Amino acid sequence: MEVKIGVQHAPREIVLESGQSGEEIEAAVADALVGKAQLLSLTDEKGRKVLVPADRLAYVEIGEPATRRVGFGAL
């Protein structure tokens, strides 16, 4: 899944491709916002962890995985 995370007082958003399902990501975000977890912790496709303090979350967009295009064909 493609995930975009907006962080307060940061000029750029965090974009990552996660192997987690949309429901797992949504549950992690909900836990962070409710206060069950102080950090939003997500893992990308390469196994790297992304940690964002829950009190600094501005928004989280959960989308479909991006399809990779190969070649120089017309769009």
Side-chain angles (χ1 to χ4, degrees):
M1 296 300 270
E2 180 184 33
V3 181
K4 293 181 184 178
I5 304 169
V7 182
Q8 294 177 9
H9 309 295
R12 294 176 49 188
E13 62 190 10
I14 299 169
V15 180
L16 66 119
E17 285 288 329
S18 178
Q20 297 171 297
S21 70
E23 292 81 21
E24 291 173 332
I25 295 168
E26 187 175 350
V29 171
D31 288 346
L33 292 176
V34 171
K36 290 183 183 177
Q38 293 183 351
L39 292 173
L40 171 61
S41 174
L42 299 175
T43 306
D44 71 0
E45 288 183 337
K46 296 181 181 179
R48 297 177 293 199
K49 281 200 170 242
V50 176
L51 303 171
V52 180
D55 62 342
R56 297 291 181 218
L57 286 175
Y59 64 89
V60 177
E61 287 183 24
I62 304 170
E64 293 298 318
T67 57
R68 297 179 185 248
R69 294 187 175 96
V70 178
F72 297 99
L75 296 177

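Not measured: the values here are computed from a predicted model.
Considering CD of E2 and CD1 of I25, their distance stands at 10.5 Å, rounded to 0.5 Å. Interatomic distance, K4 NZ to L16 CG, rounded to the nearest 0.5 Å: 11.5 Å. The distance from atom CD of E45 to atom CE of M1, rounded to the nearest 0.5 Å, is 11.5 Å. Taken to the nearest 0.5 Å, the CG atom of D55 stands 12.0 Å off from the CG atom of L40.
A continuous path of ILVMFWY side-chain contacts below 4.5 Å connects V7 to I62, so both sit in one hydrophobic cluster. In the hydrophobic clustering of ILVMFWY residues, with side-chain heavy atoms under 4.5 Å counting as a link, V29 and I14 come out together. Using a 4.5 Å cut-off between side-chain heavy atoms of Ile, Leu, Val, Met, Phe, Trp and Tyr, with links allowed through other members, V52 and V15 fall into different hydrophobic clusters.
Within 6.0 Å of CD on Q38 lie no more than 12 heavy atoms contributed by other residues, nucleotides or ligands. Enclosure of atom CD in E13 by more than 12 non-hydrogen atoms of other residues, nucleotides or ligands within 6.0 angstrom is indicated.
Annotation for A32 and A54: closest pair O-CB, 3.3 Å, computed over non-hydrogen atoms. Of all heavy-atom pairs between T43 and Q20, the closest is N-OE1, 3.6 Å.
A 4.5 Å side-chain heavy-atom check between I5 and L42 finds at least one atom pair inside the cut-off.
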